[in-house]
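Here the structure comes first, spelled out in structure tokens, and everything after it is commentary.
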Amino acid sequence: MKHESFAERLLSWYQHQGRKNLPWQQNPTPYRVWVSEIMLQQTQVATVIDYYQRFMQSFPDIFTLASASQEQVLHHWAGLGYYSRARNLHRCAQILVQEYQGHFPLQDQKAMEALPGIGPSTAAAIIALSSDQRAVILDGNVKRVVARYFALEGWPGKTAINRLFWKKADELTPATRAADYTQAIMDLGATLCTPRQPQCSQCPVKDHCKGLLQDKVSQLPSPKPKKALPTQERHFLVLNKNSKELLLQQRPQDGIWGGLWCLPDFTTREELEAWLTQTYPQARLEHQGLEPVKHVFSHYRLLIRPWQAHLADISGIQEEAQTYSPSMAPTTSLWYNPRQPANVGLPAPIKKLLEGIQL
DNA sequence: AATGCGGGGTA
DNA sequence: TACCCAGCATT
């Protein structure tokens with residue numbers, strides 16, 4: 001005997017546990033479904049409800065909407081975000097009135113998708129929910145259900161992955177009961193198969209969910225990959241006095257290594273050289289840089305380029321704290337003897353750099 | 001094939 | 001704070 005399909009299990013669950021009282025589910029005409037679908041793009045149900053009620057009160061049908069001013073429409077959208085949705089909605093209403101006698105081309109999904117603001121998933125949702133014809137949706141809920149049910153790895157933002165998700169969503173979609181199925185799979189994603197703390201024990205398809213069977217539910221769908229860390233390179237001055245001490249500066253409280261002591265650092269070698277010439281004219285800068293040091297922060301990669309300079313002792317040189325960086329907050333500096341490590345906080349990569357330096 | 005759009009809810 | 005939300009249009 002053939003076991004129950006995904007759709008059959010889902011539909012019987014929906015019959016008892018599904019949401020049936022959302023405003024747009026009452027009298028689901030194409031117009032009412034359309035407005036709800038546009039509002040619900042990237043916006044949660046709880047947020048939409050009040051906006052939807054007010055919108056329907058003011059624009060009860062497509063002709064009212066088409067003849068309204070854009071300003072009126074946008075006013076009803078204020079606070080919802082993604083305002084191009086409202087402009088497209090308004091424009092779409094005018095197109096439908098002018099070109100389609102005020103009716104959606106429900107028999108032609110491609111024609112639906114050609115309308116402003118209506119993409120593949122919204123077109124399918126309008127068709128299925130308002131006319132009960134079979135059409136495949138793939139919104140955030142369905143993506144999550146599909147990723148888990150088939151244990152699909154990969155971020156759906158990638159084109160190839162996205163195509164696979166559409167294919168799997170298509171496979172799950174039954175030939176009949178299009179409206180109920182469409183609402184059911186969204187309800188599953190919204191109420192049980194949630195992004196966090198999904199209630200798998202209540203799930204009507206848990207017995208065949210690969211993600212659950214493989215204990216991967218919490219890792220699916222795969223998150224958007226963190227983009228590669230940008231690399232920043234900065235030039236650090238190793239100013240060596242009498243082959244004994246190095247110049248350190250205390251960093252500003254804000255930014256990386258805030259408050260720690262560190263080598264003076266600059267955006268470019270030229271900037272470093274200019275500062276050195278002005279501050280320690282007697283210093284001699286080596287032309288060959290030292291070996292670069294790499295360091296990784298949470299949000300970028302830092303390439304440390306050290307340059308060594310030598311300073312012969314001149315009695316009377318200012319030993320006390322001095323200021324630098326005229327445009328920045330005053331910063332103190334000190335001479336540091338690496339052979340007698342003082343009680344100052346050095347960033348790890350700088351400490352490592354100094355350990356490798358011959359004075 | 002990747003980005004911008006936007007405000008709100010949630011852990 | 002970071003992530004996610006009934007995605008689409010644009011580049």
Side-chain angles (χ1 to χ4, degrees), chain A residues 10 14 18-25 28 30 32-52 55 74-92 95 109-110 112-130 135-148 154-166 169 173 178-199 217-228 298-299:
Chain A
L10 179 61
Y14 171 72
R19 297 175 294 184
K20 309 273 175 46
N21 296 316
L22 298 171
W24 42 89
Q25 294 178 304
R32 290 172 55 81
V33 171
W34 168 54
V35 172
S36 75
E37 288 299 324
I38 301 299
M39 284 189 173
L40 288 161
Q41 288 170 5
Q42 302 301 105
T43 309
Q44 295 179 357
V45 168
T47 306
V48 163
I49 291 176
D50 287 343
Y51 283 87
Y52 183 80
F55 196 96
L74 283 172
H75 177 69
H76 282 74
W77 214 269
L80 262 187
Y82 283 124
Y83 298 98
S84 66
R85 290 185 296 174
R87 294 190 297 272
N88 284 332
L89 188 81
H90 188 215
R91 192 155 58 90
C92 185
I95 291 172
Q109 182 161 348
K110 288 303 171 193
M112 294 285 290
E113 292 175 21
L115 294 166
I118 299 181
S121 192
T122 300
I126 297 170
I127 291 170
L129 293 173
S130 73
V136 181
I137 64 162
L138 185 61
D139 61 17
N141 288 314
V142 179
K143 279 181 189 155
R144 193 164 51 252
V145 171
V146 164
R148 289 171 175 170
W155 178 53
K158 291 283 185 184
T159 305
I161 305 292
N162 191 244
R163 275 208 308 271
L164 179 59
F165 273 63
W166 275 104
T173 305
D180 283 348
Y181 173 82
T182 300
Q183 189 63 53
I185 195 165
M186 288 191 291
D187 281 8
L188 182 68
T191 64
L192 294 185
C193 197
T194 50
R196 283 161 301 205
Q197 298 173 12
Q199 298 173 253
V217 170
S218 64
Q219 312 165 46
L220 294 169
S222 304
K224 177 191 178 108
K226 309 267 184 195
K227 56 181 167 189
S298 58
H299 52 308

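Reminder, nothing fancy here: chain letters follow the sequence lines and each chain counts from 1. Note that these values count all heavy atoms, side chains included, but never hydrogens, waters or copies made by symmetry. Everything quoted here is computed from the prediction, not taken from an experiment.
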Sorted by position of nearest nucleotide on DNA chain B, 5' first, the leading residue of A/Thr47 and A/Thr43 is A/Thr43
Practice prompt. Please state the P separation for the pair B/dG6 and C/dT11 - nearest whole angstrom.
Written response: 15 Å
Testing C/dA6, B/dA1, B/dG7 for proximity to the side chain of A/Tyr83, the answer is B/dG7
Testing C/dC3, C/dA9, B/dA1 for proximity to the side chain of A/Thr159, the answer is B/dA1
Between CG of A/Leu80 and P of B/dG9 the distance, given in whole Å, is 12 Å
### Message
Between A/Lys158 and B/dA2, is there a contact of a side-chain N or O with OP1 or OP2 at under 4.0 Å?
### Response
yes
Would you kindly check whether a donor in the side chain of A/Arg19 faces an acceptor in the base of C/dA6, or vice versa, at under 3.5 angstrom?
yes
Whichever of A/Arg85 and A/Gly157 has the more 5' nearest nucleotide on DNA chain B, that residue is A/Gly157
| said: Roughly how many Å apart are C/dA9 and B/dG8, using the P atom of each and rounding to a whole number? | reply: 24 Å
task = May I ask you to verify if any side-chain N or O of A/Gln44 is less than 4.0 angstrom from the OP1 or OP2 atom of B/dG8?
result = no
- Message: Students often get this wrong, so: under 4.0 angstrom with heavy atoms, is A/Ile185 touching a base, only sugar-phosphate, or nothing?
- Response: nothing
Worksheet item: Any side-chain heavy atom of A/Met39 sitting closer than 4.5 Å to one from A/Trp77?
Response: yes
